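Here the structure is a predicted model, which is why all the values come from computation and not from measurement.
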Amino acid sequence: MNSPSPQLHWIENDEARSCRWHAENGAPPPKRVQIADDRMNTETAYKLACEGTALLWRGDFHNGKQLLQSLARRIDKKPANKKAKVPTSASEAFHLHRQAQSQRARVLAMLLIPFEADYSISLRRAPDVKLACAEVYGESKDAFVTSLRELLGLIGAHEWRKNGVTIKALDAKIHPYYGVFSPVRGEYIDLLAKAPLPSTELAFDIGVGTGVLSAVLAKRGVKKIIATDQDLRALACARENLSNLGYSEQVTLQEADLFPAGRAPLVVCNPPWVPARPNSPIEYAVYDPDSHMLKSFLAGVADHMEPHGEAWLIMSDFAQHLGLRTAEEFFGWIDAGGLTVIGKLDIKPQHPKSTDATDPLHAARVKEVTSLWRLKLK
């Protein structure tokens with residue numbers, strides 16, 4: 001039996017109203033709601049949002065977008081009379097950065113947009129977002145309210161999905177879905193494309209995501225790949241990408257938490273790299289509380305490798321430079337899993353943040369190295 005949808009309640013024109021609430025990150029509906037329109041200025045909106053009062057937008061859609069942008073600039077602007085706390089370590093810098101990101105997201109999520117049952121928006125100059133919403137929410141059921149920030153994320157994801165991301169190793173594009181991590185950091189894909197294959201008979205791809213690593217293995221001639229993920233949206237995304245690339249016959253997709261049944265001569269995994277709590281669905285591809293997936297993979301992969309097979313673990317050492325995980329811990333998990341390192345391929349990150357000196361985590365980013373660890377049974 002499905003639990004009833006959460007409801008958003010508010011007063012409008014002296015009348016109590018309510019509507020279905022939706023938030024992809026599972027956030028509960030705001031308890032306090034105020035009607036807002038084009039007359040509301042940034043400072044008033046900022047004060048209300050910081051206090052926990054949501055603003056249900058009834059004005060011009062583009063003016064609502066401008067207000068959201070103004071709120072973002074207001075949050076990012078450092079108060080002249082308040083000194084920012086100077087972190088004393090890389091880990092403290094990271095936690096302060098994540099705290100600021102979380103607070104920023106919470107405030108910006110307070111500007112709400114009403115939807116009709118058909119995904120139309122009854123506001124002046126509102127765009128047609130029916131396709132973008134249907135791609136994420138599925139079949140429309142009834143009217144609902146969500147944050148303008150979430151809607152803009154849906155629109156951005158729709159454009160990513162439509163245009164795709166060029167993958168050099170495939171000489172083709174991958175089209176990511178909303179909530180499925182986009183393979184914009186191509187360096188880890190380059191590592192997989194050149195590591196020496198122990199076999200071309202069978203491989204397991206653990207945590208398939210968009211399907212990009214399975215596609216690279218298929219292009220390299222691996223005859224059969226079993227790819228798993230526990231996220232149904234990721235599996236749908238991978239299925240479409242692999243079909244578009246012509247690899248559906250080579251790759252079998254399975255819903256599973258980590259491993260499929262059996263053993264393979266090659267088991268590949270690109271787990272989340274940073275042991276921290278994610279703030280949104282998309283962040284589960286980057287943040288992994290207590291390194292749960294990494295530790296689970298290393299603890300269990302020996303039971304899913306053929307005796308002379310290899311496990312390929314694709315990891316950044318960013319967490320180590322942030323002081324969130326030590327090299328000793330990492331090697332301890334490898335050893336405890338009955339594994340030993342037989343080789344490693346390294347590459348420096350090429351994304352824009354790696355050269356951005358204004359980034360609060362720049363000191364750790366400049367040291368970051370992404371590696372493909374080749375592991376075998378002891």
Dump the intermediate steps for salt bridge (charged side-chain N to carboxylate O under 4.0 Å, His left out) on Arg277 and Glu283, then the final yes or no. CA-CA 9 Å; Arg277 184 176 62 85; Glu283 289 193 343; over 6 Å; no
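Defined by atom type and a distance below 3.5 Å, a donor-acceptor pair is missing between the side-chain atoms of Glu240 and His175. Side-chain N/O atoms of Gln101 and Arg104 include no donor and acceptor closer than 3.5 Å. Inspection of the Glu92 and Thr88 side chains reveals an N or O donor paired with an N or O acceptor under 3.5 Å.
Using a 4.0 Å cut-off between a side-chain N of Lys or Arg and a carboxylate O of Asp or Glu, Asp38 and Arg124 qualify as a salt bridge.
At least one donor-acceptor pair closer than 3.5 Å links the side chain of His321 to the backbone N or O of Lys367.
Residues that satisfy the side-chain hydrogen bond (donor to acceptor under 3.5 Å, both in side chains) test with Ser214, not counting sequence neighbours, are Asp205. With sequence neighbours excluded, the residues that form a ring pair (Phe, Tyr, Trp, His ring centres under 6.0 Å) with His22 are Tyr137.
The only member of Leu192, Val212, Leu213 that meets side-chain contact (heavy atoms from CB on, under 4.5 Å) when paired with Asn270 is Leu213. Under the side chain to side chain donor-acceptor pair (under 3.5 Å) test applied with Ser316, the options Glu368, Glu187, Arg185 reduce to a single match, Glu368. Of the listed residues (Phe331, Trp312, Trp333), just one forms a ring pair (Phe, Tyr, Trp, His ring centres under 6.0 Å) with Trp373, and that residue is Phe331.
Looking at Cys133 and Leu154, their side chains come closer than 4.5 Å, going by heavy atoms from C-beta outward.
Annotation: the span from Phe94 atom CZ to Gln99 atom CD amounts to 12.0 Å, rounded to 0.5 Å.
Within a 6.0 Å sphere centred on NZ of Lys219, heavy atoms belonging to other residues, nucleotides or ligands number more than 12.
By the 6.0 Å and 45° rule, Arg161 stacks over the aromatic ring of Tyr177.
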